[in-house]
Undergrad: 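Sharing a structure here in structure tokens format.
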Amino acid sequence: AVGTNVNTILQQVSYVAICAAGMSLVIICGEIDLSIGSIYGLGAVMYTWLSMKMDWPIIPSIVVTLILGVFLGWLNGYISVKLNIPSFVVTLAGLGALRGATLLISEGVPIYAKESKAFSGLVGGSFLGISAQVYWMLALCTIVGVVLAKTKFGSDLYAIGGNKVAAQNAGINVAKVKIQSFMISS
């Protein structure tokens, strides 16, 4: 019973942790992205819409959905950084617009994805009694931790968050790094 409870808690935490892992990149460099949940929601609906309504195969549906997420992250970052509009305002507007787009695509009703044993096992299965989402969470958090601790990109994020002007004077392309952080988090 204890193992089941721990697995259930880890499974529930995994969704938030996955969002937080990407979001940490944006926050470290001194920005915020309020639209991240709406981007993920739109991605889920877009994948389902492509695979069911448009009858696309699963892999192209996933690829297009990931490209959409990266583009939306780029758009948030670009508007915020290049047009010098606070990311709070940009992403709050994006949150509303993306929720509206999600409702339009889904027509306000639940839609369901194609049944695929391989895909379901990859994202919804379990291994050694632990849900697949927990493994995804551990892998993603580990990757983000390594990126932050061991790469130039991670060092640049911390430098920008600590002092944007000093980071720019040190030769860091602040705009590029900030936009990339939005893209990765999406």
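Fair warning: this is a prediction, and the values are worked out from it, not measured in the lab.
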Undergrad: For Ser131 and Gln11, which I'm curious about, is there any donor-acceptor pair between the side chains at under 3.5 Å?
TA: yes
Undergrad: To the nearest 0.5 Å, what is the distance between CG (Leu10) and CE (Met137)?
TA: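 Those atoms lie 5.5 Å apart.
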Undergrad: Minimum heavy-atom separation for Cys29 to Ile160, with atom names?
TA: O-CG2, 3.6 Å
Undergrad: Say you draw a straight line from CD1 of Ile58 to OG1 of Thr65; how long is it, rounded to the nearest 0.5 Å?
TA: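 Taking CD1 in Ile58 and OG1 in Thr65, the distance rounds to 11.5 Å.
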Undergrad: A quick test of your reading: do over 12 heavy atoms of other residues, nucleotides or ligands sit less than 6.0 Å from OH of Tyr135?
TA: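 Atom OH in Tyr135 is packed in, count exceeds 12.
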Undergrad: Is it true that, when you exclude Asn84 itself, more than 12 heavy atoms of the residues, nucleotides or ligands shown sit nearer than 6.0 Å to its CG?
TA: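 Open: at most 12 neighbouring heavy atoms sit under 6.0 Å from CG of Asn84.
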Undergrad: Taking atom CZ of Phe153 as the centre, report whether more than 12 heavy atoms of other residues, nucleotides or ligands fall under 6.0 Å from it.
TA: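 Yes - once you tally the heavy atoms of other residues, nucleotides and ligands closer than 6.0 Å, there are more than 12.
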Undergrad: Just how far is it from atom CG of Leu50 to atom CE of Met46, taken to the nearest 0.5 Å?
TA: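 Result: 5.5 Å between the selected atoms.
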Undergrad: Quick one: which of Ser185, Ser87, Ser181 gives a side-chain hydrogen bond (donor to acceptor under 3.5 Å, both in side chains) with Glu31?
TA: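 Per the side-chain hydrogen bond (donor to acceptor under 3.5 Å, both in side chains) rule, the option paired with Glu31 is Ser87, out of Ser185, Ser87, Ser181.
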Undergrad: Give me the atom names and distance for the closest heavy-atom approach of Ser35 to Gly94.
TA: CB-C, 4.0 Å
Undergrad: Under a plain distance cut-off of 3.5 Å, with no hydrogens placed, do Ser186 and Asn76 share a side-chain donor-acceptor pair?
TA: no
Undergrad: Taking the side chain from Ser80 and the backbone from Ile85, do they hold a donor-acceptor pair closer than 3.5 Å?
TA: yes
Undergrad: Taking all non-hydrogen atoms of both residues, which atom of Ser61 and which atom of Trp56 are closest, and how far apart?
TA: OG-CB, 3.4 Å
Undergrad: Between Leu42, Ile36, Ile67, which is the residue that forms a side-chain contact (heavy atoms from CB on, under 4.5 Å) with Leu72?
TA: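 The passing option is Leu42.
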Undergrad: How close do Leu148 and Ser24 get, heavy atom to heavy atom, and via which atoms?
TA: CD1-OG, 4.5 Å
